[in-house]
> 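To start, I am sharing the structure in question, which I have written as structure tokens.
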Amino acid sequence: MATTEPITFADENKRDIVQAMRRGAASKCPACGQGKLYTGYLKVTHACPQCGEEMHHHRADDAPPYFTMIIVCHFIVAGVMMVEEYFHPNYWLHIAMWFPLTIGMSLWLLPRIKGALVGLQWALRMHGFGGRDALDPAAPTPEPRPANETL
């Protein structure tokens, strides 16, 4: 019968969160820092080619685009307001300047933020990075026990 108790780890097995996020942001494996994190632009590899750490169970989902939008929009809006205040350019110049900058910053930042989030999940042992996760929706449900069964 399968148990549903979460797995706990001793303090000596703690993973460095900052180092894992830096490795992920550099598109490297958060475990070893050597293997490639992506097989494509945003496609996370199934397992690290260097150390064999499984990466397929990450759950970055919609967080990287949200963080990317927040960061890029703060810089772009501040830049647009500053340029408008000091130089008063025509609107076509604003569009010609800020549209490519917005697209370029977003495309550059998105894989770095996703890698950092995958590194964060690995460091915190989330979603299967630390073994079996009792709260993982993909995990099989435990068999129900009869009411008269004792532990």
Side-chain angles (χ1 to χ4, degrees), residues 2 4-142:
T4 59
E5 299 162 7
I7 298 172
T8 58
F9 297 93
D11 286 341
E12 66 268 2
N13 289 335
K14 283 190 175 183
R15 297 173 176 173
D16 187 12
I17 295 172
V18 175
Q19 183 183 37
M21 290 181 72
R22 282 184 180 161
R23 287 176 174 175
S27 299
K28 299 293 183 188
C29 171
C32 68
Q34 300 297 317
K36 294 175 91 175
L37 183 61
Y38 298 116
T39 58
Y41 176 63
L42 289 175
K43 176 79 171 150
V44 177
T45 186
H46 182 74
C48 175
Q50 297 293 324
C51 67
E53 178 75 29
E54 291 184 358
M55 301 288 170
H56 63 87
H57 37 65
H58 77 90
R59 300 230 186 242
D61 298 332
D62 292 335
Y66 289 138
F67 289 133
T68 300
M69 287 188 302
I70 288 170
I71 294 168
V72 169
C73 288
H74 275 84
F75 282 105
I76 296 299
V77 169
V80 167
M81 292 174 68
M82 188 171 60
V83 167
E84 181 62 32
E85 179 71 25
Y86 291 118
F87 302 109
H88 305 291
N90 291 331
Y91 290 125
W92 67 267
L93 191 58
H94 270 297
I95 293 171
M97 184 169 56
W98 298 111
F99 185 72
L101 189 59
T102 302
I103 298 299
M105 283 178 66
S106 297
L107 292 175
W108 182 81
L109 203 55
L110 187 58
R112 285 149 182 81
I113 291 176
K114 183 173 182 174
L117 287 171
V118 170
L120 177 67
Q121 291 176 11
W122 176 84
L124 296 177
R125 300 178 193 274
M126 296 171 64
H127 309 298
F129 279 115
R132 189 185 57 76
D133 188 0
L135 301 176
D136 188 4
T141 57

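Computed from a prediction, not measured in an experiment: that's the story for all the values here.
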> Check the orientation of Phe129 and His57. Use parallel for under 30°, tilted for 30 to 60°, and perpendicular for over 60°.
perpendicular
> Please test Arg59 against Met126 for side chain to side chain contact (heavy atoms under 4.5 Å, CB included), starting from the C-alpha separation and ending with a verdict.
CA-CA 9 Å; Arg59 300 230 186 242; Met126 296 171 64; over 6 Å; no
> Restricting to non-hydrogen atoms, name the atom on Cys32 and the atom on Cys51 that form the minimum distance, rounded to 0.1 Å.
SG-SG, 3.8 Å
> About how many Å separate CD of Glu54 and SG of Cys48, when rounded to the nearest 0.5 Å?
11.5 Å
> Any idea which heavy atoms bring Val44 and Met55 closest together, and the distance?
CG1-CB, 3.7 Å
> Nearest 0.5 Å please: distance from the CG atom of Leu110 over to the CE atom of Met105.
12.5 Å
> Which distance, rounded to the nearest 0.5 Å, do you find between the CZ of Phe87 and the CG of Leu93?
11.0 Å
> For residues Asp62 and Pro65, report the shortest heavy-atom separation together with the two atoms involved.
O-CD, 3.2 Å
> Could you report the tightest heavy-atom contact between Tyr38 and Pro111, atom names first, then the distance?
OH-O, 2.6 Å
> Which distance, rounded to the nearest 0.5 Å, do you find between the CE of Met21 and the CZ of Arg112?
14.5 Å
> Are Pro30 and Gln121 packed together at the side-chain level, in the sense that at least one heavy-atom pair is separated by less than 4.5 angstrom?
no
> If you count heavy atoms of other groups shown closer than 6.0 angstrom to OH of Tyr41, is the number above 12?
yes
> Write down the atom of Leu37, the atom of Gly24, and the distance for their closest heavy-atom approach.
CD2-O, 3.8 Å
> Quick check: do Cys29 and Lys36 have side-chain heavy atoms less than 4.5 Å from each other?
no
> Any chance you could measure His56, atom NE2, to His58, atom NE2, to the nearest 0.5 Å?
10.0 Å
> Could you tell me the separation between the CD1 atom of Ile95 and the CG atom of Asn90, rounded to the nearest 0.5 Å?
10.5 Å
> Heavy-atom distance under 4.5 Å between the side chains of Phe75 and Leu101, does that happen here?
no
> Is a side-chain N or O of Arg15 found less than 3.5 angstrom from the main chain of Arg125, in a donor-acceptor match?
no
> Quick one: do Met81 and Val77 satisfy side chain to side chain contact (heavy atoms under 4.5 Å, CB included)? Show the steps, please.
CA-CA 6 Å; Met81 292 174 68; Val77 169; 3.8 Å; yes
> Determine whether more than 12 heavy atoms belonging to other residues, nucleotides or ligands lie under 6.0 Å from atom CZ of Arg22.
no
> Which atom pair, heavy atoms only, marks the closest approach of Ala63 to Leu117?
CB-CD1, 3.6 Å
> Is the number of heavy atoms from other residues, nucleotides or ligands under 6.0 Å of Phe67 CZ greater than 12?
no
> Would you call Phe99 and Ile103 a side-chain contact if the rule is heavy atoms closer than 4.5 Å?
yes
